Amino acid sequence: MENENLEVQESVAVATESDGKDYREYVYENRRYVGLKETIWYVVYDMCQSFNIDSFNDRFVTNILQIDLDFQTIVRVVNGFWDVINDIFTAAIVEKTRTRWGKFKPYLVALGIPGTLGTCFYWLMPMIFKGKGARDMSKFLTYFILAIVREGAGTFRTIARTGMLATITPHPVDRTRLITMAEFVSGALGEKLPQQVLTVLLDLIGNKVINLSYTSTFMVMGNFTSIVAGVAALVFCVMTRERVMQSIETPSVIQGIKSVINNKPILLLTLSETLSNFSVGGSINDYYIDVLNFASMTMVAGIPGAIINPFSFYFVPWFRRRFSTKTLYLVSTKIQPILDIPVYLIGMIGGKHNGIYKKVLPMFFVMAIKEMIFMVFWGVRRVIPSEMYNEAMDYCEWKNGYRTEAMTSVAKDLTTKLASILNSSLSLQLKKLIGYDISSYTQGQAQTDDTKHGLFAMATIIPTVTGLLGIIPILFYDLSGEKRERMYAELLVRREQTAAKAADATAEELKALGKEQMEIGTQKKSL
């Protein structure tokens with residue numbers, strides 16, 4: 001340990017010898033680059049990512065729009081491979097982008113309005129194709145084409161959003177502050193309020209308390225949330241700015257690929273997510289609605305956990321002081337599937353056809369206890385994975401002398417998306433295998449006992465058993481402690497020096513400085 005500390009001190013000393021400053025404490029300063037106004041809109045933007053009814057998307061397509069399960073499988077497979085293909089050239093385009101507004105901001109602003117309009121059209125499809133059957137080709141082709149177009153535009157937005165949030169501030173403490181504040185406020189103000197409102201409405205409609213149709217409810221809620229979230233997101237994208245300076249010379253595609261291959265943190269995170277995405281299962285909403293006939297269970301059982309939710313963010317600093325990053329990542333991302341094991345075992349008391357998983361009251365207590373335990377780690381779950389990804393982006397800059405957010409984001413998502421294609425296809429076919437009837441919901445008919453048990457298993461034990469392999473790669477994650485301190489000490493100095501040189505440089509000097517940045521990578525090959 002003494003040798004490691006000495007190495008850190010020597011590395012920082014070399015990085016700072018040109019100006020004589022000691023930057024060791026600078027790494028931990030509570031230095032802020034993002035002002036109050038931008039912070040508020042950052043929080044609003046973060047809430048926009050969950051201000052939707054997307055958790056009911058499968059039910060909308062299956063039971064409201066009524067697309068045949070085999071047709072859905074075709075769309076998911078084709079759209080999944082299209083997602084993989086367009087990721088590659090989209091990342092190359094974004095990686096080469098250099099504008100006065102930044103690298104990512106132009107795409108977020110340009111696609112804001114078209115993306116919102118496309119989403120609104122999606123939620124209006126049941127009205128447009130009213131009376132069409134589950135295997136109607138005009139409805140299927142429209143749904144298919146819209147899925148392809150939205151996926152292409154969504155790739156640009158996702159890559160740009162990920163990059164923007166990684167470059168909004170150059171300081172790790174400032175970035176962690178933003179992430180924590182956004183997640184805390186979002187949880188406290190109820191970022192999932194639209195989903196909760198829709199849940200209550202579905203129960204009221206199902207029990208004949210209010211005279212509304214499922215179709216009109218989905219269309220109104222879908223369009224309302226799309227417009228509100230779209231407008232708020234556009235405001236943030238217009239007024240924010242990127243503060244981490246990109247390399248003056250744009251990296252080549254080969255350099256982008258190499259930056260991913262030699263980025264150990266990203267490789268481990270990617271492998272973990274890929275193995276986790278082989279988890280095959282179903283929606284908990286299907287279980288609550290089709291088995292318990294109580295869609296609001298997700299909200300009612302979550303009340304005790306909701307009390308703990310805000311306080312979980314206060315636990316984050318405590319957890320970080322006492323446990324390693326990889327331990328917190330494993331616990332926060334795997335606690336839910338692990339808790340689903342006792343949920344399934346308790347639910348099966350009484351047997352397959354008469355188990356208590358069919359009874360609302362006992363399952364309320366089971367789910368409430370599960371949610372309370374899960375919410376203790378909610379703050380860590382919302383902060384640590386995002387921070388680990390952002391640290392991996394900084395690791396790329398530290399090791400190579402340039403940043404490749406777009407290419408790294410695509411590479412990270414590539415294998416996980418391939419796994420998701422298989423996962424979603426198997427999930428739909430598993431639903432078909434257990435005899436799920438897509439028309440029973442709107443007609444007020446119940447699923448069979450075997451189907452109900454299948455839905456319960458798909459929401460609990462099956463995804464747990466098939467997804468736990470994702471634990472293994474994170475056991476080898478080592479970007480923490482002394483290594484992380486050395487990285488940020490050197491990065492913060494290097495960024496300030498580069499910015500100072502670029503401020504008054506001529507065109508020729510900028511070109512030379514760009515080459516100098518690229519050459520830094522050759523000095524880090526041994527790391």
Side-chain angles (χ1 to χ4, degrees), residues 11 15 27 87-88 90-98 102-104 158-172 175-176 242-273 325-326 329 385-416 473-474 476-480 483-499 513-527:
S11 298
V27 177
D87 273 2
I88 298 173
T90 299
I93 294 173
V94 175
E95 210 66 82
K96 292 288 185 180
T97 301
R98 296 291 187 274
K103 180 178 178 180
F104 308 106
T158 300
I159 292 175
R161 181 177 67 245
T162 303
M164 171 67 83
L165 298 184
T167 57
I168 193 173
T169 174
H171 204 286
R175 189 172 57 204
T176 300
E242 301 168 35
R243 293 178 175 83
V244 175
M245 184 178 179
Q246 296 289 333
S247 58
I248 300 168
E249 290 285 324
T250 58
S252 66
V253 174
I254 298 301
Q255 286 175 316
I257 295 173
K258 287 182 177 179
S259 73
V260 175
I261 295 175
N262 63 25
N263 193 330
K264 180 181 177 182
I266 279 294
L267 291 179
L268 292 175
L269 289 172
T270 299
L271 183 57
S272 176
E273 291 186 11
T325 301
K326 66 182 179 184
Y329 180 87
S386 296
E387 189 56 27
M388 286 177 71
Y389 175 78
N390 291 327
E391 286 178 358
M393 292 298 95
D394 292 331
Y395 180 86
C396 173
E397 180 185 353
W398 180 51
K399 188 168 185 178
N400 300 297
Y402 53 86
R403 300 175 69 88
T404 55
E405 292 95 344
M407 188 63 72
T408 303
S409 175
V410 166
K412 180 175 176 292
D413 291 342
L414 188 62
T415 53
T416 57
I474 300 301
F476 301 93
Y477 187 89
D478 65 349
L479 185 56
S480 58
K483 185 175 182 179
R484 181 177 181 273
E485 291 174 21
R486 181 170 71 252
M487 178 182 77
Y488 277 115
E490 295 181 4
L491 266 181
L492 292 168
V493 173
R494 189 192 304 167
R495 288 169 177 170
E496 289 197 352
Q497 292 175 343
T498 301
L513 181 58
K515 292 181 179 180
E516 179 183 325
Q517 289 175 301
M518 294 297 188
E519 291 171 357
I520 293 177
T522 61
Q523 303 171 13
K524 292 292 180 183
K525 297 301 182 184
S526 61
L527 294 176

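As the structure is a prediction and not an experimental result, all values here were calculated from the model.
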* Does some side-chain heavy atom of Leu491 sit less than 4.5 Å from a side-chain heavy atom of Glu397? -> yes
* To do: Applying side chain to side chain donor-acceptor pair (under 3.5 Å), name anything that partners Glu387, two or more places apart in sequence or on another chain.
  => Arg175, Thr176
* **From CG (Leu269) to CD (Glu391), nearest 0.5 Å** => 10.0 Å
* Distance-only, no hydrogens or angles: does the Arg484 side chain make a donor-acceptor pair with backbone N or O of Leu479 under 3.5 Å? -> no
* Non-neighbouring partners of Pro385 that pass side-chain contact (heavy atoms from CB on, under 4.5 Å), sequence neighbours left out -> Tyr329, Thr333
* Criterion salt bridge (Lys or Arg N to Asp or Glu O under 4.0 Å) on Lys264 and Asp478, from CA distance to verdict -> CA-CA 9 Å; Lys264 180 181 177 182; Asp478 65 349; 3.4 Å; yes
* Among all residues two or more places apart in sequence or in another chain, which pass the side-chain contact (heavy atoms from CB on, under 4.5 Å) test with Ser386? -> Ile179
* To do: Might you work through the side-chain contact (heavy atoms from CB on, under 4.5 Å) test for Lys103 and Thr167, ending with a clear yes or no?
  => CA-CA 10 Å; Lys103 180 178 178 180; Thr167 57; over 6 Å; no
* **Value rounded to 0.5 Å, distance of CD in Glu485 from CD in Glu490** => 12.0 Å
* Asked: Quick one: are Ile168 and Glu242 in side-chain contact, heavy atoms under 4.5 Å?
  -> no
* Shortest non-hydrogen separation from Phe104 to Ala160 and the atoms involved -> CB-O, 3.4 Å
* If you measure from CD on Glu273 to OH on Tyr389, what distance do you get to the nearest 0.5 Å? -> 10.0 Å
* Asked: So, Asn263 versus Tyr395: side-chain donor-acceptor pair below 3.5 Å or not?
  -> no
* Structure fact -> Interatomic distance, NZ@Lys326 vs CZ@Phe476, rounded to 0.5 Å, equals 8.5 Å
* Can you tell me if Ser272 uses its side chain to pair, donor with acceptor, with the backbone of Leu268 under 3.5 Å? -> no
